[in-house]
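What follows is a single structure, written as structure tokens, with notes after it.
What you see below is based on every heavy atom in this structure, not just the backbone, and it leaves out hydrogens, waters and symmetry mates. Order of the sequence lines sets the chain letters (A, B, ...), proteins ahead of strands, with each chain counted from 1.
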Protein chains: 4
Amino acid sequence: MAPAGTQRGILERLDAGEIVVGDGGFVFALEKRGYVKAGPWTPEAAAEHPEAVRQLHREFLRAGSNVMQTFTFYASDDKLENRGNALSFTGQQINEAACDLAREVANEGDALVAGGVSQTPSYLSCKSENDVKDIFKKQIDVFIKKNVDFLIAEYFEHVEEAEWAVQVLKTSGKPVAATMCIGPTGDMHGVTPGDCAVRLVKAGADIVGVNCHFDPLTCVKTVKLMKEGVEKAGLKAHYMVQPLAYHTPDCNCQGFIDLPEFPFALEPRILTRWDMQKYAREAYNAGIRYIGGCCGFEPYHIRAVSEELSQERGLLPAASEKHGLWASELKMHTKPWVRARARRDYWETIKPASGRPQCPSMSVPDSWGVTKGHAELMQQKEATTQEQLQPLFEKVFPS
Amino acid sequence: MAPAGTQRGILERLDAGEIVVGDGGFVFALEKRGYVKAGPWTPEAAAEHPEAVRQLHREFLRAGSNVMQTFTFYASDDKLENRGNALSFTGQQINEAACDLAREVANEGDALVAGGVSQTPSYLSCKSENDVKDIFKKQIDVFIKKNVDFLIAEYFEHVEEAEWAVQVLKTSGKPVAATMCIGPTGDMHGVTPGDCAVRLVKAGADIVGVNCHFDPLTCVKTVKLMKEGVEKAGLKAHYMVQPLAYHTPDCNCQGFIDLPEFPFALEPRILTRWDMQKYAREAYNAGIRYIGGCCGFEPYHIRAVSEELSQERGLLPAASEKHGLWASELKMHTKPWVRARARRDYWETIKPASGRPQCPSMSVPDSWGVTKGHAELMQQKEATTQEQLQPLFEKVFPS
Amino acid sequence: MAPAGTQRGILERLDAGEIVVGDGGFVFALEKRGYVKAGPWTPEAAAEHPEAVRQLHREFLRAGSNVMQTFTFYASDDKLENRGNALSFTGQQINEAACDLAREVANEGDALVAGGVSQTPSYLSCKSENDVKDIFKKQIDVFIKKNVDFLIAEYFEHVEEAEWAVQVLKTSGKPVAATMCIGPTGDMHGVTPGDCAVRLVKAGADIVGVNCHFDPLTCVKTVKLMKEGVEKAGLKAHYMVQPLAYHTPDCNCQGFIDLPEFPFALEPRILTRWDMQKYAREAYNAGIRYIGGCCGFEPYHIRAVSEELSQERGLLPAASEKHGLWASELKMHTKPWVRARARRDYWETIKPASGRPQCPSMSVPDSWGVTKGHAELMQQKEATTQEQLQPLFEKVFPS
Amino acid sequence: MAPAGTQRGILERLDAGEIVVGDGGFVFALEKRGYVKAGPWTPEAAAEHPEAVRQLHREFLRAGSNVMQTFTFYASDDKLENRGNALSFTGQQINEAACDLAREVANEGDALVAGGVSQTPSYLSCKSENDVKDIFKKQIDVFIKKNVDFLIAEYFEHVEEAEWAVQVLKTSGKPVAATMCIGPTGDMHGVTPGDCAVRLVKAGADIVGVNCHFDPLTCVKTVKLMKEGVEKAGLKAHYMVQPLAYHTPDCNCQGFIDLPEFPFALEPRILTRWDMQKYAREAYNAGIRYIGGCCGFEPYHIRAVSEELSQERGLLPAASEKHGLWASELKMHTKPWVRARARRDYWETIKPASGRPQCPSMSVPDSWGVTKGHAELMQQKEATTQEQLQPLFEKVFPS
């Protein structure tokens, strides 16, 4: 168990060509465990229910993660109090508690602590560059005080806001990663992945990539486009991918939040461990070395990534004590026809049924086409009123 | 926080017409968290990783469970050492640790502790009634010593073995529940659900029903058949259901272990929280009062059961602090089209897409038609050899 | 080319153990060709567009049919003028024209002519036995005058009406076949397939079975139940099956008219030729020797039946000059990857995609539960009024 | 009934802004009726079974077609004798018979006769420009002798061969239409739809567009790209679309012949009449005025096109005497729940189920990536041998 600072840093690892396995998404996993409220998706559990957050960190560590991201997603003050989301903890309390938990578990294994910031309601509401940067600044102050190992600006839909975040993060002197929640068609204003990446690298990001909003293979494809853009511009960077654990072949540019199933009926889309092994291989083959997950990733998904890359990394994760490669543990099943499934080709080629014959395989995504600047995206401290909801309902089911 | 024994017992509650919410399945949930090995499915984590087991108990308690089942599934000595499953804990250590954890968390809320036994490799291998009963006896001794509140004999495919279990459990003087893993066509030898239920009641079970192997609505249907049988026989019992959290419209009599997706590609079949609310309502309407879950149930599934029945129970579970009824928390989402989903009719009627256009919606189950007495079901202490596996592989992919 | 009467009769053939291949459904095929109106489904085309009816007869003959059914479905006077269906031909004209066309084409090959009657609006409207029998009598008079080879009472939902039809048909002295449009759960009043068959045989039917309403494998299953019933009663009969060419796994007792896709969106359910070969084999193995088709069957479907049974029949149909067994003609395709599909195992195991990712694989059938005697089933000569339609619309989409 | 030549010509109609409704595909329709052999797909039925071809022409005329295409698809001498396809008619006999049939039926209504040529095995086998043009020349000679109204060069995968065809057709002095079987990604060598269209117009085509290989909406999209190309180049043309009647969302550039279901398991993909109405509207809105169909189109599909555009055309087709707009004829159905479906909104929004729960909704297309010049595409007079087939089989199922 290494004390803070004695571990090899993120850039040392990536510069050496090592694979860094990220962790999975906390808000979705903890929502299902009962500690996060969908809608606001805020991380007060770090202060409120630390044992639940600690346990999830441990499970990802055990699954092979090299990074413990502080559970500080949407922990900016403007988001914590958005639309009537009354909490009994301040932003600073939450950010500090999250740092302590991440560090505690990171020190139990070979993991670094990454402090994270994400898109803000202030940007969507057209606040000024200074106002938005102040929000990031406040979170960074905690990360510096708690001495995290590096910083991640993640889940940005607009490259402009991501650049601002990177510029603030850079002031810390720590390595900076930046991931946007975009697909192959680029950001909400149509800036291509290649151009986004170039702008982020120029803003100071050491690592660039995408997270959330799309399924693994779509995200790998997007990072490939980023890499091409960066290389074409004669720049250098490391690459990172932290996709959804949901199949999203039917998304448009806004990603899975446009799917009618978001966020409470995504179950049929969850990736299997075998899907994850394909993802890890594709990402690796694309030259991406920081490979993790976002919403929907459970510890066994990260374990599958670690197992797929175990040869390259030279190690199996701790949790593989409870999992044979390619289902070999099924040899111990009491039923002979299940023992017959203890083979790689069986699971590598399976086309799993949904068990839902009255459901389709693809949806038609919402496409409201509103983004930064649109009145419906102005955020507010007060709870959404029934008067505000009614026109939204009407848009979906005209009366 | 009530000390052991001061709580109202399981029969007091059921006799009073109260709803008892069960917990979810530990082996599948903990397999995904990295603490249980599929294949053997044994519960050594109770002794090996108590913090993980404790956390899952807490999440179910928080989701509204009134029962903490000891994590002792397959914790009989013959199963713990089956087919080369080498463990560093004895059966007694595991059973004791599991009792302690269940009690510790039960005491944090309004929950009872139930000690559980399940089908044995010895029965499948045609051991004598005495041999099989001795195995149950050994587990019961721990449950008596640890003073659990009641006992559950669960996951029996053959009514004969279930009767033997009930007979042993009855010697404890504690209330006994008995659930079989059967569907509407009955046990592996074709004994109907009605006849199974009658035999279990006659053997001494106070509560009868089904668990595992089939989806919620199929299980409710099966318990209805049991109830009809018991009532027709002029007997009395309480009823219980703890189904899978997977849709299984394509199963035959053996249930989900015959599905080609078992156990590692069941993801597309996972029920949504809205499916769960329908299940809870159906079960309640069928006169079932002990309503819980088995494999695939995560804490949010149990919370959905608790929320659906909150009016009848007069309370919401603790975890509902992070969940509005019928998605009302989406009113706080930053995106207007997601706020438009904050309504009951939206989620009540959604037909969620699988995101897997190259996969079918139903599978053809394996139907090897082997059960107790068949050579391929004889269990062994030694690891399965490659020579033993080869003929099984051949059966699936003739070379 | 044999003149009428010199051919071996239907019972001679069946008694000798020969296979009799039926034809396909005329109303659906001719609706798609532009000569039949869905809704009334009446056969005025026999008089109005004889060239179109003759051509379809020829195609079925060429595909291997041994029976030309007169195109007299729903050609009873009460049906011809039901609900405002104004026609410029009398029932007698239509019945006579249909007989002439069937005989003309039958004489071009080895086929018999069968005159057919079917369920009547009068029965649904609770007319008396005498009234209903008079309707059948009027059609039989034409069949006798035109000297058809045998008679078929088909498409009956209620065994009582089918018995009445058989009794009338028997008076002709010609062999009588009787098929009901029921599934395994029996007729609209719950009379089982076995009991239906026994009653029909007792009423005088020489051949019994089912037609329409369900897919091939369901129909074969139903005829099996009929056969078991007849044999259990110590009676004797020949068996006949003329199913839909649509997959209907999601039907209830009323069959495909309850499916939301009926009648104008059934396309995705159409059976392939390979599905048809499986059907022919199953029917043959079940001891059924009169094997044909109903709605949805096109000539190539009947050809597939003939090809599957070509060994047993000792001949290939004429249309096989344009079709190799098991796709062997693909050897002549210009593209190599299509030539690679010129093999039996390829087509025998194919799981064809729907190309409709936003559609489900199964529907929820309507289940209005109204049958003979219900006010909504009273038929009328006048066109349905808007006032009559409105409450039906309301039932589906409450305003 | 107008004699040849007295009708208004194709260009007069299109120049006047009228809609011209094409006919449907003959090879697929006649294959199902038993008169065409899949694999070779040659049109000898024109001489061999004229009554069947005449009847199909009549059905399309009745459905509203303004064009009777001569049934001369693949009627070039090199194709007629390709790979052992032994026929008892010469190319000249077939081409002449086809012209006579088309003219006979065209004269029964308001239709023109179009003589058609299509891609040749000679081009695929790298024969010279002169050799390929000679083949077209031979067919044109018949079309001139029989005095067809205009000419169509259709089903070209390579723009170069299409240009050659147009150049030959232009020598006739008759109007020339040219359609390629390409999708939005262009021809087999990657020439874009826009560039293809420009080259065809420059070669002399009066009407350009696409036919076959893709579903209606994909084809409309491709013609839109053609139109943009032509307009950008400052050229002028009329536009034409004759798509498949199969849904093909899963195709690559080679179209439906790459789908594993081609050609004998495409049934689940067949479009409904309502899908066709959407197609007709989309095509019309895109500025396309020659709107017809290709493989899979049955007469009722063309009727649906005619009905959708009946307001614009000022007439309903003859076959609409048997079809109410938007299912209004269902008002005459005997069953009330079917009468309840006599409404536009019901059919406009239906998502029809496949009835095939064990099948996927999309396939993975073959992608052999071979085109003109590749050895496997060299055509031959001799039948394909087993030795030639074996390596193709191996490519699919390696032994």
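Looking only at distances, a side-chain donor or acceptor of A:Trp274 sits under 3.5 Å from a matching main-chain atom of B:Phe264. Side-chain atoms of A:Gln390 never come within 3.5 Å of backbone atoms of A:Glu387 as a donor-acceptor pair (strictly under, hydrogens ignored). Side-chain N or O atoms of A:Arg269 include none that pairs as donor or acceptor with a backbone N or O of B:Pro268 at under 3.5 Å. When atom types are taken as modelled, the side chain of A:Arg339 and the backbone of A:Met332 share no donor-acceptor pair closer than 3.5 angstrom. Looking at A:Trp337, its side chain never comes within 3.5 Å of a backbone N or O of B:Lys395 through a donor-acceptor pair. Remark: the backbone N or O of B:Phe256 is not paired with any side-chain donor or acceptor of B:Thr248 at under 3.5 angstrom.
A:Arg33 has a carboxylate O that lies under 4.0 Å from a charged side-chain N of A:Glu59, or vice versa, which qualifies the two as a salt bridge. The residues A:Glu321 and A:Arg62 are annotated as salt-bridged, a charged nitrogen and a carboxylate oxygen being separated by less than 4.0 angstrom.
Residues B:Arg341 and B:His333 bring no donor and acceptor atom of their side chains to less than 3.5 Å of each other.
Of the listed residues (B:Arg58, B:Lys79, B:Gln254, B:Arg54), the greatest number of heavy-atom pairs within a distance under 4.5 Å of chain A belongs to B:Gln254. Contact tally against chain A (heavy-atom pairs below 4.5 Å) for B:Pro40, B:Ala353, B:Ala342, B:Gly34: the top residue is B:Ala353. Chain A forms the most heavy-atom pairs under 4.5 Å with one residue out of B:Ser328, B:Ala318, B:Pro360, B:Pro391, and that residue is B:Pro360. Interface check for chain A: of the options B:Met378, B:Gln388, B:Glu261, the most heavy-atom pairs under 4.5 Å are formed by B:Glu261. Ranked by non-hydrogen atom pairs under 4.5 Å with chain A, the options B:Ser320, B:Gly324, B:Ala265 are led by B:Ala265. Chain B forms the most heavy-atom pairs under 4.5 Å with one residue out of A:Ala38, A:Pro249, A:Ala319, A:Ser363, and that residue is A:Ala38. In terms of heavy-atom pairs under 4.5 Å with chain B, the best-connected choice from A:Pro317, A:Ala45, A:Pro260 is A:Pro260. The choice from B:Lys335, B:His49, B:Glu51, B:Lys37 that makes the most heavy-atom pairs within less than 4.5 Å of chain A is B:Lys37. With chain B as partner, the option from A:Leu389, A:Thr272, A:Leu271, A:Leu124 having the largest number of non-hydrogen pairs under 4.5 angstrom is A:Thr272. For the options A:Pro299, A:Pro352, A:Pro357, heavy-atom pairs under 4.5 Å to chain B are most numerous at A:Pro352.
Nearest heavy atoms, A:Trp41 versus A:Phe262: CZ2-CZ, 4.1 Å. Nearest heavy-atom pair, B:Cys251 versus B:Phe214, reported as atom, atom and distance to 0.1 Å: CB-CE2, 3.9 Å. Scanning both residues, B:Pro336 and A:Leu392, for their nearest heavy atoms gives O-CD1, 3.5 Å. Summarising the geometry of A:Pro50 relative to A:Glu48, their closest heavy-atom pair is CD-C, 3.4 Å, with the distance given to 0.1 Å. Taking each heavy atom of B:Ser76 and B:Thr120 in turn, the nearest pair found is OG-CG2, 4.3 Å.
Using a 4.5 Å cut-off between heavy atoms, A:Glu44 contacts chain B through its side chain alone, with no backbone atom that close. Neither the backbone nor the side chain of A:His374 comes within less than 4.5 Å of any heavy atom of chain B. There is no contact between A:Gln380 and chain B, counting heavy-atom distances below 4.5 Å. Interface remark: A:Asp215 contributes no atoms to any contact with chain B (heavy atom separation under 4.5 Å). Heavy-atom distances place both the backbone and the side chain of A:Ile257 under 4.5 Å from chain B. Both the backbone and the side chain of A:Tyr35 have a heavy atom closer than 4.5 Å to some heavy atom of chain B. For a residue to count as touching a neighbouring chain, one of its non-hydrogen atoms must lie under 4.5 Å from one of that chain's; by this rule A:Leu259 touches chain B with the backbone only. With a 4.5 Å cut-off on non-hydrogen atoms, A:Ala63 does not touch chain B at all. Proximity to chain A is limited to the side chain of B:Gln119, based on heavy atoms less than 4.5 angstrom apart. In this structure, chain B has heavy atoms under 4.5 Å from both the backbone and the side chain of A:Pro263. For chain B, the nearby part of A:Val338 is the side chain; its heavy atoms alone come within less than 4.5 Å. With a threshold of 4.5 angstrom between heavy atoms, A:Ile270 approaches chain B through its backbone and through its side chain. For chain A, the nearby part of B:Tyr74 is the side chain; its heavy atoms alone come within less than 4.5 Å. For a residue to count as touching a neighbouring chain, one of its non-hydrogen atoms must lie under 4.5 Å from one of that chain's; by this rule A:Arg303 touches chain B with the side chain only. For A:Glu329, the parts lying under 4.5 angstrom from a heavy atom of chain B are both the backbone and the side chain. Within the 4.5 angstrom heavy-atom criterion, only side-chain atoms of B:Gln379, from C-beta onward, approach chain A. In this structure, the portions of B:Glu31 lying under 4.5 Å from any heavy atom of chain A include both its backbone and its side chain. In this structure, no portion of A:Leu56 lies under 4.5 Å from any heavy atom of chain B.
A distance of 5.0 Å separates OG1 in A:Thr42 from CG in A:Leu87, rounded to the nearest 0.5 Å. Considering CZ of B:Phe28 and OH of A:Tyr300, their distance stands at 11.0 Å, rounded to 0.5 Å.
Within the structure, side-chain hydrogen bond (donor to acceptor under 3.5 Å, both in side chains) pairs that include any residue of residues 349-361 of chain B comprise B:Ser361-C:Ser361 (at least two apart or interchain).
Taking 4.5 Å as the heavy-atom cut-off, the residues of residues 365-372 of chain B that approach chain A are B:Asp366, B:Trp368, B:Val370, ordered by number.
Checked against side-chain contact (heavy atoms from CB on, under 4.5 Å), A:Pro43 has the following partners two or more places apart in sequence or in another chain: A:Phe71, A:Ala75, A:Leu80, A:Ile94. Residues meeting the ring-ring contact (aromatic ring centres under 6.0 Å, His included) test with A:Tyr155, sequence neighbours left out: A:Phe73, A:His213.
Here the rule is side-chain hydrogen bond (donor to acceptor under 3.5 Å, both in side chains) with A:Arg273, and of A:His301, A:His323, A:Glu298 only A:His323 fits it.
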